[in-house]
Amino acid sequence: MKNLATRTLSGFIYALIVFFGTTIHPKGLIVLMIIFGLFCLYEFFKLTNLQNKLYQLITLLASLVVFGYYGKEFLNAFEISNHYFFYLKSSYFIIPVLFVISIYTIFKSTNELLNNFGKATLGITYIIAPFALALTLPSFDYNLGEKIMHFEVFFIFLLIWCSDSFAYLTGNLIGKHKFAPKISGAKTWEGFFGGVVFTIIAGILIQKFNGETLHGNWIIISIIVALLGPIGDLTESKLKRFFNVKDSGNLIPGHGGFLDRLDSFIFVIPFVYLYYLFIYTL
């Protein structure tokens, strides 16, 4: 009972931080993504046992450079430019490419993570890059003469929470067939499809009530989240199994670590970005 209360309270505080950080102002979103990214990077160092101080320092400095570049571009887009120019900078395509290579490394070439260089590189391309890329997603508008940021990033979080929650509930109620037993024995196909159905329903509601103010078709985005979010969870599970670690951390009481909470977000963001890139370059 005490653990449930702790889990509920910390989950509520976490949700509030996400809501305010993703909806009030671009600077708040930048700060939130930096905090989340650096906490996940810290847990990634522990998970992969990257203890070399020089590699840690280089990775941290590279992370700050990436956040500095994308943060500056994001504020420029908000203050003096428009989001279309921001989306269509071709150099941003490199992050999804590097991210896909990182996922291939985790699943098919995991031994590369036994050396410090491989761990440090993955710390940037798998952990930090998606949080920086999230700064390309919000759209802007004017309200009573004041420029405002729309809630694309918050709604992605909302879809992920919907996917996780209903996959868990459905799996507990009727789950029988294991989804990926060699990586995560708790997940079932029934839970997966339950998460997919309810996430798409949530996407339909977002599209119906907020579609005019948000970029893209949120039914399509909900499908991206529903299908790829669970793979993000499996990716982290693959890492934990390879390094024989149960949880990425314990910084969020009752929920484990930041990486445990944000693995689906990390995986989904590059593909939502590719969807936006696709619809704005047609």
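Source: prediction; values computed, not measured.
- Atom CZ of Phe39 has 12 or fewer neighbouring heavy atoms from other residues, nucleotides or ligands inside a 6.0 Å radius.
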Exercise for the section: Could you go through the side-chain contact (heavy atoms from CB on, under 4.5 Å) check for Ile95 and Tyr273 one step at a time? Expected result: CA-CA 10 Å; Ile95 281 188; Tyr273 171 77; over 6 Å; no
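- The main-chain N or O of Phe140 is never found under 3.5 Å from a side-chain atom of Lys147 such that the two would form a donor-acceptor pair.
- Using a 4.5 Å heavy-atom threshold, the side chains of Ile231 and Leu228 count as touching.
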Problem - Audit row: Thr8, Phe12, side-chain contact (heavy atoms from CB on, under 4.5 Å) steps and yes/no - result: CA-CA 6 Å; Thr8 302; Phe12 179 71; 5.5 Å; no
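- By the side-chain hydrogen bond (donor to acceptor under 3.5 Å, both in side chains) test, Glu112 is found to be paired with no residue, residues two or more places apart in sequence or in another chain being considered.
- The salt bridge (charged side-chain N to carboxylate O under 4.0 Å, His left out) test applied to Asp164 returns no partner, not counting sequence neighbours.
- By the salt bridge (charged side-chain N to carboxylate O under 4.0 Å, His left out) test, Lys238 pairs with no residue at all, sequence neighbours left out.
- A donor-acceptor pair under 3.5 Å is absent between the side-chain atoms of Ser163 and the main chain of Leu159, judged by distance alone.
- Pairing each heavy atom of Pro230 with each of Ala226, the nearest pair is CD-O, 3.2 Å.
- Considering every non-hydrogen atom in both Gly191 and Thr170, the closest pair reads CA-CB, 4.1 Å.
- Residues Phe271 and Leu274 meet the side-chain proximity criterion, which asks for heavy atoms closer than 4.5 Å.
- Residue-environment remark: OH (Tyr14) exceeds the threshold of 12 foreign heavy atoms within 6.0 Å.
- Closest heavy-atom contact between Gln207 and Gly216: OE1-O, 3.8 Å.
- Residue Phe198 forms a ring-ring contact (aromatic ring centres under 6.0 Å, His included) with just one option from Tyr168, Phe166, Trp161, and that option is Phe166.
- The nearest pair of heavy atoms linking Leu41 to Ser63 is CD2-OG, 3.6 Å.
- Linking ILVMFWY side-chain heavy atoms closer than 4.5 Å, directly or via other members, places Ile103 and Ile183 in a single hydrophobic cluster.
- When each of Thr22, Leu32, Ile35 is tested with Ile17 by the rule side chain to side chain contact (heavy atoms under 4.5 Å, CB included), just one qualifies, namely Leu32.
- Within the structure, no pair that satisfies the salt bridge (Lys or Arg N to Asp or Glu O under 4.0 Å) test touches residues 42-68, not counting sequence neighbours.
- Atom CD1 of Ile127 sits about 11.0 Å away from atom OG1 of Thr59, to the nearest 0.5 Å.
- Partners of His177 by side-chain hydrogen bond (donor to acceptor under 3.5 Å, both in side chains), not counting sequence neighbours, listed by chain and number: Glu190.
- Atom CD1 of Ile219 is separated from atom CD1 of Ile204 by 5.0 Å, given to the nearest 0.5 angstrom.
- Across all their heavy atoms, Asp233 and Ser264 have their closest contact at N-OG, 4.1 Å.
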Exercise for the section: Go through Leu113 and Leu239 one step at a time and tell me if the side-chain contact (heavy atoms from CB on, under 4.5 Å) criterion holds. Expected result: CA-CA 9 Å; Leu113 300 180; Leu239 278 174; 3.4 Å; yes
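- No donor-acceptor contact under 3.5 angstrom links the side chains of His150 and Thr213, judged on distance only.
- Aromatic ring pairs are classed by plane angle as parallel below 30°, tilted from 30° to 60° and perpendicular above 60°; the pair Phe155 and Phe151 is tilted.
- Residues Phe131 and Phe265 place their aromatic rings such that the two centres sit under 6.0 Å apart.
- When all heavy atoms are compared, the tightest approach of Met149 to Ile24 is CE-N, 4.4 Å.
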Practice task
Report the C-alpha distance between Met33 and Tyr70 in whole Å, list the side-chain angles of each, state the deciding distance to 0.1 Å, and finish with yes or no for side-chain contact (heavy atoms from CB on, under 4.5 Å).
Solution key: CA-CA 11 Å; Met33 291 299 101; Tyr70 276 84; over 6 Å; no
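- Cluster annotation: Phe179 and Leu169 are assigned to distinct hydrophobic clusters (Ile/Leu/Val/Met/Phe/Trp/Tyr, side-chain heavy-atom contacts under 4.5 Å, transitive).
- For the ring pair (Phe, Tyr, Trp, His ring centres under 6.0 Å) condition, the pairs that include at least one residue of residues 99-125, sequence neighbours left out, are Phe99-Phe267.
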